[in-house]
Asks: 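Have a look at this one before I ask anything.
Quantities reported herein were computed from a predicted structural model and do not represent experimental measurements. Order of listing sets the numbers, starting from 1, for every ligand and every atom in it.
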Amino acid sequence: MRVFKFGGASVKDAAGIKNVQHVLKTVGYEDVLLVVSAMGKTTNALELVIKHYFDKSAELNAAVQEVKKYHNQILLDLFEDENNAVFTAVSEQFADLEYFLAHNKSPNYNFVYDQVVSYGELISTTILSHYMNFMGMATQWLDVRNFVKTDANYRDAEVDWELTQANISKNVKRKTLNITQGFLGSDPNNFTTTLGREGSDYTAAIFAYCLNAESVTIWKDVPGVMNADPRYFENASLLNQISYREAIELAFYGATVIHPKTLQPLQKKEIPLYVKSFINPLLQGTSVSKGVDLEPYLPCFIVKRNQLLISLSSIDFSFIMEENISEIFALFHQFKIKVNLIQNSAISFSVCVEDKFNNFTALNAILSKKFKVDFEENVTLYTIRHFNDSAAQTVEANKTVLLKQVSRETMQVVTKEV
Ligand code: ASP
Ligand code: MG
């Protein structure tokens, strides 16, 4: 069996859904499990619904209507006959969502979040499955919550592999076209959970692992894994073949094509992962598999913008050592600030971090009591795997280099645009 993952961008409108059908026709679909994300930016739109819900804002209803309108337009574009059962199926799901919003009593943000955002995937797979059936491809729609079991850590749930394996072994039919939702699971009380934003790749890996699948294919709007983001680098080129290890490294440093959690389960069972273009499904794309990388390596560029560079030094010129460092890290963790690079010298300690939730001011108030704190906002962190002189030149040109760290395979540079 093969596992295919189609992300939000691939099903963002009627043309996208038609294209998914075209891809399946082109590459075969007899023994396939499709993992599908919410359509386009639906998860973000549902996050807005949740925000209005908690703010008790008058805009709540309008935000829900917006999501409805978007899906309804796709339905109208796909199905001429408004008596098609899909219209009822989708409106029932919206009715469930509205019922939840009207009756929920839980004040737990993360719990509510998962119950609400899950409709994105439930609805997208309902539409896709009806469309496939309509086009003569019989599908088996699976509610992923009956398969992927997790703990109750809402928004970042941990998979219970044993239960999940048992459910999948017992109840996923082979030799058919299965369609299920990415990103979702359910907890021991059968409440909906999610696996973290962009988690649908991971869902594909979970199914592949439990099914001993032949391969996983992630269908993207790019030709595969590139050595640099083509939006920012002129001569970006496709990596035809990389090892699991290299892919894990790239994901770790922030390459966004593959969700970082996806690779480990696949590597364990040596299931190859293909990243391919849904626009040109017959092109080779990138294959991630066991074994050696093609040498020489192409330098790979990963860019993280909007970073914060913080330097701490001791007020009394004493050394910053284990004890201080563990205390500093505990604070970063507490304030949900992600550390992307660390550099230590005798009396100072520098980190390049991402402050997604704007917590630095609060953290700084605490740090400043113990350390002299210098910081530079809005810096860029470049990581070059397999760097060479000319690659380094590319990122350093016309910029002020604030910090640089070089190891055997990887060079990281923090810069400020001038
Ligand atoms: N729809 C979810 C998100 O946007 C999961 C995914 O797309 O992988 O985060
Ligand atoms: Mg998505």
Asks: Given V117, T43, V36, which one has a non-hydrogen atom that is nearest to atom 2 (C) of ligand 1?
Replies: T43
Asks: Strictly below 4.0 Å, N to O, side chains only: are K51 and E47 in salt-bridge contact?
Replies: no
Asks: Check each atom of ligand 1 against the heavy atoms of S37 and keep those under 4.0 Å away; list them by number with element.
Replies: 6 (C), 7 (O), 8 (O)
Asks: Backbone N or O of F191 within a donor-acceptor pair of the Q115 side chain at under 3.5 Å?
Replies: no
Asks: Could E409 and R385 be called an ion pair, given the rule that one side-chain N must be under 4.0 Å from one carboxylate O?
Replies: yes
Asks: Check whether any side-chain N or O of T203 sits under 3.5 Å from a backbone N or O of F183 as a donor-acceptor pair, and report yes or no.
Replies: yes
Asks: In terms of atom number and element, which parts of ligand 1 are under 4.0 angstrom from non-hydrogen atoms of R197?
Replies: 3 (C), 4 (O), 9 (O)
Asks: Where does E121 meet ligand 1, judged by heavy-atom distances below 4.0 Å: at the side chain, the backbone, both, or neither?
Replies: side chain
Asks: May I ask you to decide if H22's main-chain N or O and N19's side chain share a donor-acceptor pair within less than 3.5 Å?
Replies: no
Asks: Between S200 and ligand 1, does any nitrogen or oxygen pair lie at a separation below 3.5 Å?
Replies: yes
Asks: Which atoms of ligand 1 sit under 4.0 Å from any heavy atom of F183?
Replies: 2 (C), 5 (C)
Asks: State if G7 counts as touching ligand 1 under the rule of any non-hydrogen atom under 4.0 Å.
Replies: no
Asks: Evaluate the criterion salt bridge (charged side-chain N to carboxylate O under 4.0 Å, His left out) for residue pair R174 and D31; output intermediate values, then yes/no.
Replies: CA-CA 6 Å; R174 299 196 180 243; D31 192 18; 5.6 Å; no
